[in-house]
2 protein chains.
Amino acid sequence: MTDQAAGPDPGRRPTMVDVAQAAGVSLKTVSRVANGVPTVRADLAERVRDAMAELGFQRNNVAANLRSGRTTATIGLIILDLANPFYSTIAAAAAAVAERFDTQLITASSGWDAVRERELVLDLCERRVDGLIVAPTGDDQSYLGAEIARGMPAVFIDSPPSGCLADTVLIDNRTGTRDLIRRLLAEGHREIGVITDSLNDFTMRERLAGAAEALEEAGIETGRHFRRIYSDRPHDAGDAVGAMLDSSEPPTALFCGNNRILLGAVEELARRRDRTRLAAFDDFEFAKLLPRPVTVVGYDTRTLGRLAAELVFQRLRRPRSAPANYVVPTYLVDRGMAADPA
Amino acid sequence: MTDQAAGPDPGRRPTMVDVAQAAGVSLKTVSRVANGVPTVRADLAERVRDAMAELGFQRNNVAANLRSGRTTATIGLIILDLANPFYSTIAAAAAAVAERFDTQLITASSGWDAVRERELVLDLCERRVDGLIVAPTGDDQSYLGAEIARGMPAVFIDSPPSGCLADTVLIDNRTGTRDLIRRLLAEGHREIGVITDSLNDFTMRERLAGAAEALEEAGIETGRHFRRIYSDRPHDAGDAVGAMLDSSEPPTALFCGNNRILLGAVEELARRRDRTRLAAFDDFEFAKLLPRPVTVVGYDTRTLGRLAAELVFQRLRRPRSAPANYVVPTYLVDRGMAADPA
DNA sequence: TTGAAAGCGCTAACAT
DNA sequence: ATGTTAGCGCTTTCAA
């Protein structure tokens, strides 16, 4: 014996038909009220609203969308790992833009798995998201070509797509690194160690290219102190640092291709009480806490996410415009704590 | 003149009807093939698959779901701020569980706005998500009562709901803080400063209660060195620290209610070259980089997200079981770098 | 094993 | 200003 107002079948969600019946009006009138159409007599609208409240009606947006063929008010974001602050910041920025368009964000992580990336994209297409933002991990995104041709807005972030044409928002990896290496050169360094991880990664290739550019400008033999590590463990970066420092002509400055490598280098240098000049790509929240000075290449991750989302909505309005290619600028900033006054 | 296989209306997405026509079979046969129903003659299935490939057919999952009334294979996660590592870690862990159920996660940030929290929940309900995970910011979640009664799985994380009954996954704030304060007491500290921010926050109230418990156990007058700050700026935490240290009986140890407060305290102590014993709630990735030793209360954020998502799917299977209340345990860990050997 | 018809909950087009 | 009818793209009866 419940005193709750119950529909014909408790447990079933009330539909517009139920509301119409309860309010003694037609289904269409309920629809009008639900959509805020003004041409409804006030007393009828009132009755409908009462019935809605009594039944606990909630419009089924899935059904509403089906017939209208309009948008699902959903965009998909495929990144590598949501737990990584780089990507979660992007997601937050994209969500903030989506909010302005009353759109929700479905975020999925590919986990550096190209097969999964493809599955996720296709799944999101089957869900009829209004657009996609993809941080690609595979080296073939041709599976998206058909979707893009059909008008699905797709924006690639961090790395460009292969095998299809789409909007991109990239970080200026090359210029950032070149500027940083130039700084080291200006300080008088001639032996500059460069540590990257796998060059399968577009961003890492760009950074390496930027470093090479700066070294070539200065007439310095490139590749001399390049060292590539193939793992995610900072420890391996430490080993690379160690090997360089133990060589016959050790570098006087080190460039680390990302913040993970930097942490490994910092640890190794601390162990050795070595004061080799440090520089790295990627700024991060706690860089200022690093126990030694480091110059890093920073960029505004939020801008990356914001631009990507804005491009989606832009393309939603004008589907057949030429692909846009945005580049997020970088800056140099000194982090880490100053050396103890001896 | 395109050589692309084009449906009747290029730009329109091909439907099962188009595929059926192209394959010379009925709509239902296409549906069977699309769903992997085995009772289809091999050659027919083959023809259907060919037609699908040629037309670039992709099932519309929105429509599929509408009739079957089944799940949308989507769950909603409402947190305070996706850019915050605490929440993005939760989101990533929840997404990992969802993946096992072929479910996607819609993540939305309320931004500490109770009105928006409510709007987001209702919007996600209208989208017919299969379940909700909510980190509440408002102090009234009664708006979810009707949904929960209808069988919508809802799990609250970090703080319990008010005004409705639901599963919860909370951190053991009270025990964690009590253990930490006990540690300080065991070290001989008697004057312990406690800095919290607004006590509107459930977690902060719990932490304060845990601190009070430990102090009372030790027969120490509580509230003596309690100080509450009302802002997000670490600077204000620094001011609170300063005021305590400048008092006639300064504390010999400080407990910071969260990591933001801790950072403010660290800065202030560094400015003063003060070596007051530091302790705090919240472990965080770079805590080990802090320039002075700190004992912190840690917990596994991933577990929080994982349990929450598992509860959603559990409740999806058995809708009317009693609400579960999980508590994520805490641990003490020493972070920060040892003091210089003077 | 295959298909025709009905219908999910809603909106669009057309009356009235 | 209101209602009627059709239909979104699919799944679900139920027949054949």
Side-chain angles (χ1 to χ4, degrees), chain A residues 7-9 11-49 51-52 55-73 125-130 150, chain B residues 7-9 11-49 51-52 55-73 125-130 150:
Chain A
D9 174 4
R12 216 190 94 242
R13 306 182 95 102
T15 71
M16 283 194 180
V17 174
D18 299 325
V19 175
Q21 206 155 16
V25 298
S26 83
L27 163 64
K28 184 63 201 174
T29 300
V30 177
S31 169
R32 289 200 176 94
V33 172
N35 291 301
V37 174
T39 63
V40 177
R41 233 171 53 214
D43 60 317
L44 273 195
E46 194 54 32
R47 248 172 39 217
V48 169
R49 264 189 286 272
M52 283 178 167
L55 297 177
F57 170 78
Q58 276 187 182
R59 199 231 320 255
N60 182 334
N61 273 334
V62 174
N65 166 254
L66 178 59
R67 172 63 227 233
S68 66
R70 272 199 301 258
T71 68
T72 49
C125 287
E126 289 194 347
R127 288 164 186 266
R128 298 295 188 262
V129 294
D130 301 331
R150 274 200 203 100
Chain B
D9 173 4
R12 217 190 92 240
R13 307 184 94 104
T15 71
M16 284 195 179
V17 173
D18 299 325
V19 174
Q21 206 155 15
V25 297
S26 83
L27 162 65
K28 181 62 203 174
T29 301
V30 176
S31 170
R32 289 199 177 95
V33 172
N35 291 304
V37 174
T39 64
V40 178
R41 235 171 52 213
D43 61 316
L44 272 194
E46 193 57 31
R47 248 171 43 215
V48 169
R49 264 188 288 269
M52 283 177 168
L55 296 178
F57 170 79
Q58 275 185 183
R59 197 234 314 257
N60 182 332
N61 274 333
V62 174
N65 166 252
L66 179 58
R67 174 60 226 232
S68 66
R70 272 198 301 258
T71 68
T72 50
C125 288
E126 289 193 346
R127 288 162 186 268
R128 297 296 187 262
V129 294
D130 301 331
R150 276 201 200 98

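In what follows, chains are A, B, ... by sequence order, proteins preceding strands, each numbered from 1.
Every residue meeting the side-chain contact (heavy atoms from CB on, under 4.5 Å) condition with B:Arg49, not counting sequence neighbours, appears here in chain and number order: B:Val33, B:Ala45, B:Glu46. For B:Thr72, the side-chain contact (heavy atoms from CB on, under 4.5 Å) criterion is met by A:Val62, B:Asn65, B:Thr74, B:Arg128, B:Asp130, not counting sequence neighbours.
Residue pairs satisfying the salt bridge (Lys or Arg N to Asp or Glu O under 4.0 Å) criterion with at least one member in residues 29-41 of chain B, sequence neighbours excluded, are listed as follows: B:Arg41-B:Asp43.
One N or O on the side chain of B:Arg150 and one on the backbone of A:Gly56 form a donor-acceptor pair closer than 3.5 Å.
Between B:Met52 atom CE and B:Phe57 atom CZ the span is 5.0 Å, to the nearest 0.5 Å. Between atom OG1 of residue A:Thr15 and atom CZ of residue A:Arg13 there is a gap of 12.0 Å, rounded to the nearest 0.5 Å.
Note: CG (B:Leu66) to P (C:dA6) measures 18 Å, nearest angstrom. Distance CZ (B:Arg127) to C1' (C:dG9): 17 Å, rounded to an integer number of Å. Rounded to a whole Å, the CZ atom of A:Arg13 is 16 Å from the P atom of C:dC8.
Rounded to 10 degrees, the angle separating the terminal axes of the helix from C:dT1-D:dA16 to C:dT16-D:dA1 is 40°, with each axis obtained from five end pairs.
Proximity of B:Ser26 to the phosphate of C:dA4: no side-chain N or O atom is located under 4.0 Å from OP1 or OP2.
Nearest approach of B:Ala34 to B:Met16, heavy atoms of both residues: CB-CE, 3.7 Å.
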Donor-acceptor list for residues 19-28 of chain A side chains, cut-off 3.5 Å, not counting sequence neighbours:
residue, atom, partner, partner atom, Å
A:Ser26, OG, A:Lys28, N, 3.3
A:Ser26, OG, A:Thr29, N, 3.4
A:Ser26, OG, A:Thr29, OG1, 3.4

Protein heavy-atom contacts under 4.0 Å, written 5' to 3' over nucleotides 10-16 of chain C as B (base), S (sugar-phosphate only) or - (none), form the string BBBB---

